[in-house]
Structures are given as structure tokens and as C-alpha cells.
Amino acid sequence: MPELPEVETVRRGLSPALVGARFARVTLNRPDLRFPFPKNFSRRLEGRTVLELGRRAKYLTAALDSGETLIMHLGMSGRFDVRLPDGVTLSPGDFYLEGALGNAKHDHVVMAMGSGATITYNDVRRFGFMDLVPSATLQASKHFAAMGIEPLSEALDGAAIARLFRHRITPLKAALLDQRLIAGLGNIYVCEALHRAGLHPSLPAGALAKPDGTPTPKAKRLAKEIKAVLTEAVAAGGSTLRDYAQPDGARGAFQHGFRVYDSVGHACTAKGCTGRIARMVQSGRSTFYCEVCQVLPG
DNA sequence: TAACTCCTGGGC
DNA sequence: GCCCAGGAGTTA
């Protein structure tokens with residue numbers, strides 16, 4: 001699950017090969033990923049030039065000169081490889097290498113660009129998907145219409161958290177994972193942000209709003225820590241998990257910045273805290289937190 | 001809110 | 001063989 005920082009890293013890595021380039025030949029090695037490819041997918045791409053490569057939450061958007069936008073979601077294990085004409089292979093934002101890196105079995109889409117570069121989409125678990133929608137109505141498309149605010153934008157602050165979470169009794173962690181409220185966070189960065197903010201993952205989300213709807217100090221703190229952890233992770237090129245030591249310099253480094261994720265038993269790094277990192281399960285997913293400095297009030 | 005679903009593979 | 005995995009939709 002590439003989260004926002006990983007997708008942003010992929011966007012930056014893919015841009016040089018994609019923006020301004022023309023799709024010469026698009027080959028699909030199977031009829032679907034998570035969903036079937038759009039009708040006439042290859043034909044609608046071939047001959048088209050990419051005007052710009054953007055990102056919304058965990059989605060990549062490639063605006064084409066045909067008036068359509070190619071939407072790409074990496075799911076849990078999607079990745080791109082770029083092979084340049086001189087034979088050099090790059091892995092823009094290589095965040096999830098598994099054992100299958102370079103295993104052509106999972107090369108599902110091969111895009112030969114007019115420049116001579118080849119962009120390959122590889123996705124072991126096939127939870128990713130691609131779609132083509134009219135650029136003019138991109139924001140109204142089914143993927144984006146109900147999507148929440150962008151966490152690195154000015155839209156996210158304590159007041160926004162109070163407004164979005166008010167009256168909600170759902171656990172804070174679940175609220176932060178709800179892409180209809182804030183879009184782009186996933187399991188790792190939610191755990192990290194909650195730890196940094198000193199908030200228990202099970203705290204009812206509505207506790208961050210005062211009765212009059214204004215933000216509590218903790219709401220402001222949480223907004224600040226979400227931005228901080230995402231900004232640091234983007235700067236580090238995202239996180240690379242299950243790294244099988246490939247000869248490739250394009251991997252992220254923020255996994256070294258984790259304070260709680262996948263760190264059960266480690267000493268808490270919060271200032272003055274003597275706790276250890278624990279794991280609990282919330283709606284079927286692992287939550288990592290410090291039992292000492294992330295306490296439930298009362 | 002929780003369980004279950006899609007899918008493959010690593011680790012124990 | 002079982003549990004786990006950075007996502008997210010659907011269903012009870």
C-alpha cells in the first residue's frame with residue numbers, strides 16, 4: 001500500500017519519462033487488474049501525449065492531449081519500472097519490492113514511449129487499477145467525487161479535523177484511514193502521526209472537537225503532525241518495505257524514520273517516555289502505538 | 001463496526 | 001499450514 005509519500009515519489013520518478021512523451025505502443029498482458037481495463041484502453045492511449053502527471057491522494061493522474069486523463073492506483077503492490085533507451089533500468093519510488101522484483105510474471109502493462117523509453121507496470125497482488133476519464137470532469141469522476149481533503153494542503157488544519165470528526169464515535173485511527181474525510185493516509189502514516197501527536201488510536205474521533213465544533217489543542221497538534229510526517233517521508237523518497245537488496249539506488253528511506261510501525265517491543269522514542277511499542281488490531285489491521293504516551297483519557 | 005472480498009508471496 | 005502485508009470496496 002503505497003501511501004501518499006510513496007505515490008508522490010513515484011510521480012516524481014515517472015515524470016521525466018512520461019511528461020511530454022507519447023505512447024507509441026501499450027501492451028496489456030491480461031484483461032484486468034483489480035477491475036477490467038477501460039474499453040479500448042490501448043487504442044485510447046496510443047498516439048497520445050502526456051501533458052502533465054499529477055497526484056490526488058494515492059492516485060496518479062496523467063492528463064492526455066486527447067482530453068482524457070489516465071488515472072492510476074497502485075493498490076498494495078503496484079510499481080513502475082522505467083527502462084531508458086540506453087538500457088538503464090530505473091524504479092521510480094521503489095517501495096514494495098517483495099521477492100517478485102523483476103519477475104515478468106507480474107508485468108501487466110508495458111508502455112513503449114515514442115522516446116524509446118519503456119514503462120512497465122508490475123503488480124503482484126493486482127489490487128491496483130487504471131481508468132480513463134474525461135479531463136474536464138476529472139474531479140467529478142467516481143474516483144474523486146467523494147474524496148476528502150488533501151493532507152498536505154492548507155485545507156488540513158485543526159479546524160478541519162474538528163469539523164470532519166465532530167460527533168463521530170469511530171476510533172481515531174479509522175477516521176484517519178477514511179479517504180472520504182482526509183485522503184492519502186494509510187496504515188503506516190496514521191500510526192506514525194498518532195504517535196507523534198500522543199493520541200490513542202481508539203480515542204473517539206469526535207473527541208478532537210469541542211462541543212461548539214471548534215478544535216481542541218490535540219486536533220491542532222494532530223494536523224501539524226500529519227503534515228510533518230508526510231513531509232519528512234516525501235523528502236526521504238517514501239518508505240521501502242520488504243526490500244530484497246536490489247542493485248538500485250531509487251529506493252525510499254523513510255522506513256528508517258518509523259517510530260512505531262512494525263516496531264513491537266522497541267523502546268518508545270518520545271521525549272521522556274519509558275514505554276514500549278505495542279501492537280493491537282483495529283478492524284482487522286495492525287495498529288502500532290506506545291501504551292505509555294498514547295493514553296486514553298479517563 | 002466488523003467481517004469478508006479481491007490476489008500473491010514471504011516468513012515462521 | 002497459517003498468518004501477515006503500505007488499499008479499499010461491499011455486505012451484514
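Per chain, numbering begins at 1; letters A, B, ... match sequence-line order.
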What is the nucleic acid contact for A:Ile169, judged by heavy atoms within less than 4.0 Å: base, sugar-phosphate only, or nothing?
-> sugar-phosphate

Nucleotide nearest A:Val124 (side chain, heavy atoms from C-beta), chosen from B:dT1, B:dG9, C:dG7 | B:dG9

Tell me whether the OP1 or OP2 atom of B:dT5 has a side-chain N or O from A:Arg34 closer than 4.0 Å.
-> no

Base partner of B:dA2, which must satisfy Watson-Crick or wobble distances under 3.5 Å = C:dT11

Can you find a donor-acceptor pair, distance only, under 3.5 Å between A:Arg125 side chain and B:dC7 base?
-> yes

Sidechain N-carboxylate O distance under 4.0 Å for A:Arg276, A:Glu291 | no

Return the nearest nucleotide to the side chain of A:His106; candidates are B:dG9, C:dA8, B:dT1.
-> B:dG9

Looking only at side-chain N and O atoms, does A:Lys105 come under 4.0 Å of OP1 or OP2 in B:dG9?
-> yes

Nearest-Å distance, CZ (A:Arg180) to P (C:dA8)?
-> 12 Å

Between C:dG7 and A:Gln179, is there an OP1 or OP2 to side-chain N/O distance shorter than 4.0 Å?
-> no

Measure the distance from CG on A:Asp107 to C1' on B:dC7 and round it to the nearest whole Å.
-> 16 Å

Scan A:Arg126 against the nucleic acid and name what it touches under 4.0 Å (heavy atoms): base, sugar-phosphate only, or nothing.
-> sugar-phosphate

If only side-chain N and O atoms of A:Ser286 are considered, is one of them under 4.0 Å from the OP1 or OP2 phosphate oxygen of C:dA5?
-> yes

Would you mind reading off the distance between A:Asp178 atom CG and C:dT10 atom P, rounded to a whole angstrom?
-> 13 Å

Using a 4.0 Å heavy-atom cut-off across all strands, classify A:Gly186 as base, sugar-phosphate, or nothing.
-> sugar-phosphate

If only side-chain N and O atoms of A:Lys142 are considered, is one of them under 4.0 Å from the OP1 or OP2 phosphate oxygen of C:dG9?
-> no

Are A:Ser77 and C:dA5 close enough that a side-chain N or O sits under 4.0 Å from OP1 or OP2?
-> no

Considering only side-chain heavy atoms of A:Phe127, which listed nucleotide, C:dG7, B:dG9, C:dC4, is closest?
-> C:dG7

Within this structure, what is the CZ-to-C1' distance between A:Phe35 and C:dT10, rounded to whole angstrom?
-> 11 Å

Could you measure between the two C1' atoms, the one in C:dA5 and the one in B:dT1, and give it in whole Å?
-> 22 Å

Look at the rings of A:Phe129 and A:His73 and say which category their plane angle falls in: under 30° parallel, 30 to 60° tilted, over 60° perpendicular.
-> parallel

Whole Å only: how far is the CZ atom of A:Arg285 from the P atom of B:dT1?
-> 15 Å

Carboxylate-amine/guanidinium proximity below 4.0 Å for A:Lys210 and A:Asp212 = no

Roughly how many Å is it from CG in A:Asp262 to P in B:dG10, rounded to a whole number?
-> 17 Å

Rounding to 0.5 Å, atoms CD (A:Glu46) and OG (A:Ser66) come to a distance of 12.5 Å

Let me know the distance between CG of A:Asp32 and C1' of C:dG9, rounded to the nearest Å.
-> 16 Å

C:dA8 OP1/OP2 closer than 4.0 Å to side-chain N/O of A:His73 | yes

Inspect the contact between A:Arg56 and A:Glu150 and indicate whether a charged nitrogen and a carboxylate oxygen are less than 4.0 angstrom apart.
-> yes

Tell me: CG of A:Asp123 to C1' of C:dA8, nearest whole Å?
-> 14 Å

Hey, any chance A:Met113 and A:Val26 share a hydrophobic cluster, counting ILVMFWY side chains that come within less than 4.5 Å of each other, even indirectly?
-> yes

